[in-house]
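Below is one structure, written out as structure tokens; comments come after it.
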Amino acid sequence: MRLPRCSWLPTRPPISPERRSAFPAAWASAAEMDSADDIAITPVDRAIERLRTIYRGWTRETSVAQMRDDWDAAFAGCSVPVTCQPVSAGEVDGEWLVPTDAPHDKVILYFHGGGFRIGSVASHRDLAARIADASGCRVLSINYRLAPEHRFPAALDDALIAYRYLREQGLHPADIAFAGDSAGGNLVLCTMLAARDRGLPLPAAGALMSPWTDLTASGASYQSRAEADPIHQRAMILASARNYLGKDGDVSNPLASPLYADLSRLPPLLVQVGDRETVRDDATELAARAKAAGVDVKLQVWDGMIHVFQMFPEIPQAREAIASLAAFLRNHLHIGHQRAPQ
């Protein structure tokens, strides 16, 4: 079953009636902000209000299933012309996102974020599709198992299965790159580490957006950015870590907190993070430690940006970040020349 293709505009993309009706409260708040003083309200402000509207709808009685449905509905849709095709990647469900004229022998394996508790192929379809479109490369996005039903290392196991699936399809590791946001950025690193430690060949490169690398939440940015970050506070991060690992889990396990891993012999990495994030040091410290271990790593700290700002195409810096990420992946996958988004 192929999903409909849709067009992309260089400004804020049109929102379909289906996408608005799926989670009306978030879009109602955005509409109210649009009718206010447009000079004072920035695209980042609108993105923050969308997020806060979702979180305000949750209470202690809200089930995990409802949270997942709400998150999927709030970010459902696709704003670029790619073809979407469901797939079973080994034992893991996923989705191909294929731009026009994409080479058949190159793939980006994408791991969504969501604190290992929420998020899915559906919630991250637009972000993964924009990466596919900008890079001109096929993207395989997967639904790895989530906690608390499936705690660590279930998500990592599924990521490894998906990587094995691609290799079993005849793809060479040098023609595969990993990408992910937040918890998905964690999986990019941990999948590489687990593959390396098992003697498996590594992918060509990894791109990480606001990666969650330290489940101990020990970075100084948890204090220095506490007021600037509109959503993520240290207590929330620690609760997410407990949910993923279980009450007796080891938050410093290097396959759960890759900041504490031996990072040597990893492939080239691009790390993007917003300067307003409490999770900022998870990215900056990771980049520093990877560089010290001899890894070819490029760090981009985006001024004034929030956690995984790339999810919001109405933010101009999100489009710039996606273009930079796509250029990095194209370079390491050896895909033609720079491609303009469609």
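Throughout, residue positions are numbered sequentially from 1 according to the sequence presented.
- By the criterion of side-chain heavy atoms lying less than 4.5 angstrom apart, applied directly or through intervening Ile, Leu, Val, Met, Phe, Trp or Tyr residues, L171 is grouped together with V87 in one hydrophobic cluster.
- Geometrically, R242 does not engage Y244 in a cation-pi contact defined by less than 6.0 Å to the ring centre and at most 45° from the axis.
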Check your understanding: Between F111 and Y144, does a ring-ring contact (aromatic ring centres under 6.0 Å, His included) hold up when you go through it step by step?
Key -> CA-CA 8 Å; F111 307 123; Y144 55 84; 7.1 Å; no
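- Applying the side-chain contact (heavy atoms from CB on, under 4.5 Å) test between Y110 and each of D181, L97, V121, L140 identifies D181 as the sole match.
- Counting only N and O atoms by type, the side chains of H112 and S123 include no donor and acceptor under 3.5 Å apart.
- There is no side-chain donor-acceptor pair under 3.5 Å between Q233 and T278.
- Side chain to side chain, Q85 and E95 fail the donor-acceptor criterion of an N or O pair below 3.5 Å.
- Within the 4.5 Å cutoff, the side chain of Q300 has heavy atoms near those of the W302 side chain.
- Counting only N and O atoms by type, the side chains of E277 and S221 include no donor and acceptor under 3.5 Å apart.
- Between T213 atom OG1 and R289 atom CZ the span is 8.5 Å, to the nearest 0.5 Å.
- The backbone N or O of A132 sits nowhere less than 3.5 Å from a side-chain atom of R138 that would complete a donor-acceptor pair.
- Screening residues 211-233 for salt bridge (charged side-chain N to carboxylate O under 4.0 Å, His left out), with sequence neighbours left out, gives R225-D275.
- Evaluation of the salt bridge (charged side-chain N to carboxylate O under 4.0 Å, His left out) test over residues 154-166, restricted to residues two or more places apart or in two chains, returns R145-D158, R164-E168.
- A salt bridge links E314 to R50: at least one charged side-chain nitrogen sits closer than 4.0 Å to a carboxylate oxygen.
- Within the 4.5 Å cutoff, side-chain heavy atoms of I322 are placed close to those of L127.
- Each of D281, D282, L238 was scored for a side-chain contact (heavy atoms from CB on, under 4.5 Å) with Y222, with one residue passing: D282.
- Residues Y260 and S218 have side chains that bring a donor and an acceptor to within less than 3.5 angstrom of each other.
- Residues R280 and E285 are not paired through a salt bridge, judged by the lack of any N-O separation under 4.0 Å between the basic side chain and the carboxylate.
- Ring pair Y55/H232 is perpendicular by interplanar angle, where above 60° counts as perpendicular and below 30° as parallel.
- No chain of hydrophobic side-chain contacts below 4.5 Å, direct or via other Ile, Leu, Val, Met, Phe, Trp or Tyr residues, connects L200 to I161.
- Each of N253, I237, N186 was scored for a side-chain contact (heavy atoms from CB on, under 4.5 Å) with L215, with one residue passing: N186.
- A donor-acceptor contact shorter than 3.5 Å links the side chain of K106 to the backbone of L333.
- Taking the six-membered ring for Trp, F152 and F116 have ring centres at least 6.0 Å apart.
- A heavy-atom distance below 4.5 Å is not found between the side chains of Y165 and V92.
- Taking the side chain as every heavy atom from C-beta outward, D126 and F75 never approach each other to under 4.5 Å.
- No donor-acceptor pair under 3.5 Å is formed between the side chain of R125 and the backbone N or O of S120.
- Side-chain contact of D45 with T42: a donor-acceptor pair under 3.5 Å is present, judged by distance alone.
- Across all their heavy atoms, V279 and P211 have their closest contact at CG1-O, 3.8 Å.
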